[in-house]
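Start at 1 and go down the list; that is how both ligands and their atoms are numbered.
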Amino acid sequence: MKRTRVGILISGGGSNMSALIAASQKPDYPAEIAIVASSRPDAGGLDKARAAGVPSVAFDHRLHDRAGLEMAVDAELEAAGVELVCLAGWMRLLSPYFVEKWKNRLINIHPALLPSFRGLHTHQRALDEGVTLHGCTVHFVRQEVDTGPIIAQAAVPILPGDDAERLAARVLAAEHRLYPHALALVASGRARVDGERMVLTAAGDIPAPEPLFSPAL
Ligand code: GRF
């Protein structure tokens, strides 16, 4: 089986990165992690990548302008033979150059059910709005932040007594199941973009994550 070569971009703890690396270690997973690149030299995810034996490279975004950082990252992705890029807590805005170059080969995970709650502080905003289902989304990246064709979503119920921290922890656990699933769909060619919609073909042999939750009575 040909495995798609994936680059993961991180800025922080890298728990989603770890979930992708763990999934890729299964022999039948359709992607392999070729490189991890960080925008911060102190990102916790770098140690996790090293421990997993995945090549990594660290940049300090304060030493580069946006174009310079992206060109340096892009050069590392190319040198590693990357075909598909996963943003996993990459906290830098991306320029049209990078987004266009990797169009439909660049995916992101966002901690909300898009198109609701784009941007930051999604958990508190979901609580403030009083929604009963929250969750996470993996999507192809477009220039406008947290937009682009949706690949997969997982719903997480908001429970009585939730605060942003408790909710964030449950959403993050869902992210760790959702992202490997979504990457498998894209890497295997089953999820692709047609116009500005994701089209799914024959996903039957990829096990779906657990069914959607709904609030218990
Ligand atoms: C996650 O909540 C993800 O949805 C968001 O950034 C966070 C990254 O966390 N884009 P981690 O570094 O993967 O632990």
Side-chain angles (χ1 to χ4, degrees), residues 6-25 31 33 35-52 54 56-61 69-70 73 84-94 98-99 102 106-127 131 133-158 162-186 209 213:
V6 169
I8 305 178
L9 304 190
I10 64 168
S11 301
S15 68
N16 278 289
M17 174 208 74
S18 291
L20 295 178
I21 291 173
S24 73
Q25 286 166 343
I33 310 305
I35 191 166
V36 169
S38 168
S39 65
R40 300 174 57 106
D42 59 348
L46 287 167
D47 283 341
K48 296 176 189 161
R50 282 186 210 110
V54 175
S56 61
V57 56
F59 296 96
D60 187 339
H61 67 87
L69 177 65
E70 290 180 3
V73 168
L84 182 62
V85 179
C86 292
L87 304 181
W90 175 259
M91 295 304 285
R92 312 305 301 167
L93 291 175
L94 292 168
F98 193 91
V99 172
W102 290 95
L106 175 62
I107 69 178
N108 178 49
I109 188 156
H110 179 71
L113 290 174
L114 292 174
S116 293
F117 308 121
R118 295 166 52 200
L120 298 175
H121 311 299
T122 56
H123 310 303
Q124 188 59 55
R125 287 161 59 206
L127 290 169
V131 298
L133 279 177
H134 186 42
C136 47
T137 302
V138 178
H139 63 99
F140 290 100
V141 172
R142 294 294 183 261
Q143 191 56 48
E144 211 175 331
V145 173
D146 301 325
T147 67
I150 289 170
I151 300 161
Q153 297 183 299
V156 174
I158 292 180
D162 261 350
D163 58 20
E165 195 179 341
R166 287 179 49 177
L167 182 56
R170 291 206 312 286
V171 171
L172 193 61
E175 291 181 40
H176 297 161
R177 298 202 312 272
L178 181 70
Y179 212 170
H181 174 66
L183 174 58
L185 291 174
V186 177
F213 305 95

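- Across Pro111, Gly13, Ala19, Gly89, heavy-atom proximity to atom 6 (O) of ligand 1 is greatest for Gly89.
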Check: side chain to side chain contact (heavy atoms under 4.5 Å, CB included) between Met91 and Arg40: does it pass, once the steps are laid out?
Finding: CA-CA 10 Å; Met91 295 304 285; Arg40 300 174 57 106; over 6 Å; no
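- The existence of a salt bridge linking Arg166 and Asp163 is excluded, since no basic side-chain nitrogen approaches an acidic carboxylate oxygen closer than 4.0 Å.
- Of all protein heavy atoms, the one lying nearest to atom 10 (N) of ligand 1 is Ile109 O, 3.0 Å.
- Looking only at heavy atoms of the protein, atom 14 (O) of ligand 1 is closest to Ser15 OG, 2.5 Å.
- Ranking protein heavy atoms by distance to atom 9 (O) of ligand 1, first place goes to Asn16 ND2, 4.0 Å.
- When each of Lys48, Glu175, His176 is checked for a side-chain hydrogen bond (donor to acceptor under 3.5 Å, both in side chains) with Ser15, only His176 meets the rule.
- You'll find the side chain of Leu183 reaches within 4.5 Å of the side chain of Cys86, heavy atoms only.
- More than 12 heavy atoms of other shown residues, nucleotides or ligands fall within 6.0 angstrom of atom CZ in Arg125.
- With respect to atom 3 (C) of ligand 1, the closest heavy atom belonging to the protein is Glu175 OE1, 3.2 Å.
- Looking at atom 12 (O) of ligand 1, its nearest protein heavy atom turns out to be Gly14 N, 2.8 Å.
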